[in-house]
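Below: one structure, written as structure tokens.
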Amino acid sequence: MRCDDASAMWDQARRALEICNACQFCDGYCALFGALKARRDLSLVDLAFLSNLCHNCRACHHACQYAPPHAFQLNLPRSLSRVRHGTYQDHAWPRPLGRLFQKNERFVLAVTLIAVAACLALGMLWVPREALLGVGAEPKAFYRVVPWGVIAGSAGVTAGWSLLAIGMAVRSYWRSLGPVPGGARWLPALRDALRDAVTLRNLGGGAGCSDRDERLSRARRRFHHAMAYGVAACFAATAVATVFDHALGWAAPYPLLSAPVLLGTLGGVGILVGTAGLAWLKRGADPEPLAPELAGADLALLAQLFLVSASGLALLAVRETAAMGPLLLVHLGSVLGFFATLPYGKFLHGPFRVAALLRAALERHAADR
Amino acid sequence: MRRCDVVVVGGGAAALCAAIAARRSGASVLLLESAPKDLRGGNARHSRNFRIMHDGPTPFIQGRYDADDYRSDLRRVTGGRMDETVADRLIGDSAGIVGWLEENGVRFQDAGDGNLPFSRKTAFFLGGGKSLVNALYATAGRLGVEVRYDSEVRRLEPGDGWAPSVTVRCQGGEQVLCAGAVVAASGGFQANRDWLRECWGAVADQIVTRGTPHATGTVLKGLLDLGAAPVGDAGYGHMVAVDARSPRFDGGIVTRLDGLAQGIVVDRDGCRFADEGSDIGPTRFSVWGDRIARCPGGVAFSIFDSAIERRFRPSIFPTIRAGSVGDLAVALGIAPEALERTVSAYNAAIRTSGGNTEGLDPPKSRVAAPIAVPPFGAYPVRAGLTSTHLGVRVDERARVLDRDGIPLDGIFAAGVIMAPNVIGRGYLAGIAMTIGAVFGRIAGREAAAHALR
Ligand SMILES: Cc1cc2nc3c(=O)[nH]c(=O)nc-3n(C[C@H](O)[C@H](O)[C@H](O)COP(=O)(O)OP(=O)(O)OC[C@H]3O[C@@H](n4cnc5c(N)ncnc54)[C@H](O)[C@@H]3O)c2cc1C
Ligand code: SF4
Ligand code: SF4
């Protein structure tokens with residue numbers, strides 16, 4: 001981002017928030033307004049903090065008496081999404097990779113496609129034809145296509161790197177917010193923040209979101225839940241499978257009614273429904289409160305998750321046919337691509353938001369005393 | 001020929017409640033809003049909460065505020081200038097209006113959500129008045145109310161004995177529409193400079209209108225010309241102190257200035273003219289409207305230093321700052337010696353023990369602190385007009401009455417256009433929206449019954 005663009009972006013967000021602070025009509029919608037109320041002069045740090053308390057539900061935009069065509073031209077969700085995206089970029093680890101947040105969808109999709117293509121190519125080069133296209137329901141069929149060590153190693157290394165990078169980014173973001181308010185009580189704050197994050201309380205807790213237009217609905221929250229809990233179930237499936245395989249010595253593929261398959265299927269379906277639903281809501285949404293240049297990054301993450309889950313479910317469906325081998329490669333590639341891009345895409349929204357919610361809860365619990 | 005059963009003139013809270021109530025009573029309804037769709041909703045768009053009678057806590061309102069309490073608040077601020085029958089209907093019906101609005105899609109903010117101040121007398125709209133307006137338009141549309149934007153009503157005719165008519169100007173030119181009944185819910189005339197100038201003189205040009213530019217009072221004037229009895233006072237309005245840099249219209253809630261009581265307030269000659277400490281509670285905004293409207297040029301300046309500045313919410317417009325009082329005066333266009341004289345006289349008169357002044361005219365009776373720590377700061381201030389205080393007389397069924405107390409056939413009124421029946425003087429926070437919603441609903445039902453009789 002060019003320097004003057006960046007300062008225009010900050011100025012616009014600051015101006016919007018100053019007006020909101022004088023107004024506070026929307027303080028029933030989300031946690032941002034309470035945190036804003038406690039502030040007087042807004043620094044860049046405040047903007048970075050507040051922007052991650054917004055999850056772009058747009059309710060405040062449709063309720064805003066100062067939205068265009070009003071002379072104030074206030075568009076809080078749009079201004080905040082730009083600042084928020086800027087925080088991902090500023091705290092990316094290693095720092096130079098922050099550049100990947102510009103035209104982020106190109107990077108994310110390119111990495112995913114390359115990962116899928118590379119897996120397919122390597123598989124075709126190295127895996128013997130009868131193993132790749134052989135029919136295999138018997139134990140260890142997956143590992144005859146790609147050895148367990150390769151699957152676990154590649155996924156482990158990529159995920160490990162990504163976790164490290166995400167951790168470093170969140171640490172950098174957290175530190176940039178300055179010292180934790182004195183006297184804040186951590187336990188109740190952690191409880192609040194986790195509750196808010198897990199239940200998506202702010203995402204239309206009572207009232208719903210303005211998903212498409214000024215009417216409030218709960219659709220976005222439901223689809224987001226399906227997606228997020230879908231991802232969680234898939235991770236759980238992988239974890240259980242690892243225990244089965246290593247601790248108990250039962251090799252994949254597992255029967256349809258086993259825990260890993262059930263969890264994975266449920267999670268996969270959740271992701272499919274959630275991502276498709278969110279993308280569908282986006283298509284029909286009123287574009288006004290959105291930042292058009294950021295839509296790609298959101299859609300890229302949804303597309304990635306959709307691909308991971310669709311290939312996983314397909315693999316389950318065809319695992320007793322000759323298509324199993326190639327599909328396994330596609331699935332592995334898409335998972336690797338997903339892991340590799342986690343710290344450099346919209347996924348950062350999750351941990352950054354939790355950090356901001358925790359910070360807001362700490363402030364509240366410090367103020368209570 | 002009858003175009004529809006009920007025509008509702010206006011597009012704010014009163015109009016929407018009337019349209020929905022009439023439609024729910026079985027009438028076909030046409031709502032004519034002079035604003036374009038993006039700026040629909042009149043002043044209701046800028047409102048936040050409304051005053052509700054209730055006998056015990058509900059999810060949206062705390063404590064208890066019973067009818068006697070409500071009535072005595074009204075008597076106190078109006079000094080008795082109110083129609084008791086109409087006021088009693090308002091108070092009685094206010095109890096059920098929250099539920100009715102909820103049924104029609106309006107959301108209220110949870111009173112215990114930790115964000116709202118404790119409020120025993122008012123319930124808050126979740127997201128403020130614009131979300132209320134959006135919800136009511138959505139409901140009206142769903143129920144089959146026909147809504148026309150950019151449609152200003154220019155004239156009202158009593159009709160030929162069975163149907164009043166309205167003349168509308170919209171994009172396609174003027175059009176005469178006949179209806180079984182008409183509800184006038186078009187607000188005051190606070191956006192009509194010519195009319196304001198007639199009643200208020202030259203200061204009208206210095207005033208900022210806080211709400212919609214469409215409150216021209218055309219229909220109010222039309223009704224008075226038809227013989228409706230006036231209530232209230234054309235030379236009076238609800239005003240607060242706003243930053244002089246506010247837009248001419250629709251600045252809404254955010255332009256009002258919080259800190260006038262903390263520093264001193266001077267006119268363009270650099271002289272103080274009022275006790276800044278007289279009101280530090282909720283009335284601190286409204287006492288200044290009148291005071292500033294009377295200043296030469298209709299403008300004043302709030303003056304403070306950097307220590308005092310921390311004590312109030314800043315304006316949304318930048319503070320004008322200078323290193324010395326003289327330089328500040330120059331930046332404000334005030335003669336430097338005059339402001340320096342005022343500030344030093346004020347500083348010298350402060351009693352350190354009491355937080356007030358001694359031997360100063362006018363005195364500062366509270367929160368008097370010296371203006372001494374540079375940089376010094378200032379905001380220019382003007383009077384911001386919320387709404388005017390002239391209306392048409394109605395009975396408790398929202399029927400518009402002539403000077404003999406006889407209803408004008410088929411003509412009803414709701415909202416600010418009839419508010420002075422209830423609140424002939426002064427103001428009670430949150431009562432305007434209650435009048436709009438309660439009498440909107442009454443007018444809608446009565447108009448439907450009249451049209452379908
Ligand atoms: C900044 C601000 C804050 C406020 N806060 C509160 C609050 O918190 N609580 C409260 O109770 N009150 C508040 N009020 C007052 C309250 O908003 C109004 O009193 C209330 O909205 C009046 O409702 P109404 O429907 O009678 O008139 P308005 O809301 O003024 O609506 C009049 C409507 O009629 C339309 N119209 C006018 N002339 C014509 C015509 N000739 N033809 C067709 N249409 C026409 C206008 O476009 C408008 O839509 C506030 C007002 C302002 C300005
Ligand atoms: S978004 Fe608009 S209505 Fe909501 S608090 Fe901000 S300025 Fe007020
Ligand atoms: S868009 Fe939603 S989450 Fe963001 S500030 Fe507005 S109300 Fe809060």
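So that the names make sense, note that chain A is the first sequence line, chain B the second, and so on, each numbered from 1. This is a predicted model, so every value here is computed, not measured.
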Would [X] and [Y] pass as an ion pair if we require N to O under 4.0 Å?
{"X": "B/Arg48", "Y": "A/Asp27", "answer": "yes"}
{"X": "A/Arg40", "Y": "A/Glu18", "answer": "no"}
{"X": "B/Asp250", "Y": "B/Arg45", "answer": "yes"}
{"X": "A/Glu293", "Y": "A/Arg82", "answer": "yes"}

Side chain, backbone, both or neither: which part of [X] has an atom under 4.5 Å from a heavy atom of chain A?
{"X": "B/Arg310", "answer": "both"}
{"X": "B/Pro314", "answer": "both"}
{"X": "B/Asn115", "answer": "both"}
{"X": "B/Ser246", "answer": "neither"}
{"X": "B/Leu39", "answer": "side chain"}

> With B/Thr386, which of B/Arg256, B/Arg210, B/Gln190 fulfils side chain to side chain donor-acceptor pair (under 3.5 Å)?
Replying inline: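 With B/Thr386 as partner, B/Arg256, B/Arg210, B/Gln190 yield a single side chain to side chain donor-acceptor pair (under 3.5 Å), made by B/Arg210.
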Closest-packed option against chain A by number of heavy-atom pairs under 4.5 Å, given [options]:
{"options": "B/Ile253, B/Leu132, B/Asn49", "value": "B/Ile253"}
{"options": "B/Val254, B/Asp38, B/Val133, B/Thr255", "value": "B/Val254"}
{"options": "B/Ser315, B/Gly105, B/Ser47", "value": "B/Ser47"}

> If you count heavy-atom pairs under 4.5 Å between each of A/Ala67, A/Cys64, A/Cys20, A/Ala71 and chain B, which one has the most?
Replying inline: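 The answer is A/Cys64.
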>> Counting heavy-atom pairs closer than 4.5 Å to chain B, which one of A/Pro68, A/Ala22, A/Gly34, A/Ala63 comes out on top?
In response: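 The option with the most such pairs is A/Ala63.
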> Tell me, side chain or backbone of A/Cys60 under 4.5 Å from chain B's heavy atoms, or both, or neither?
Replying inline: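 Answer is neither: A/Cys60 stays 4.5 Å or more from chain B.
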> Which atoms of A/Phe33 come close to chain B, meaning under 4.5 Å heavy atom to heavy atom: side chain ones, backbone ones, both, or neither?
Replying inline: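 Neither part; nothing is under 4.5 Å.
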> So, does B/Asp243 use its side chain to make a donor-acceptor pair with the main chain of B/Phe317 at under 3.5 Å?
Replying inline: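 It does not hold such a pair.
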> Between B/Arg40 and B/Tyr149, does any side-chain donor sit less than 3.5 Å from a side-chain acceptor?
Replying inline: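 Yes - a donor-acceptor pair under 3.5 Å links their side chains.
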> side chain to side chain contact (heavy atoms under 4.5 Å, CB included) with B/Phe108: which of B/Ile52, B/Leu126, B/Leu101?
Replying inline: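 Of the listed options, the one satisfying the test is B/Leu101.
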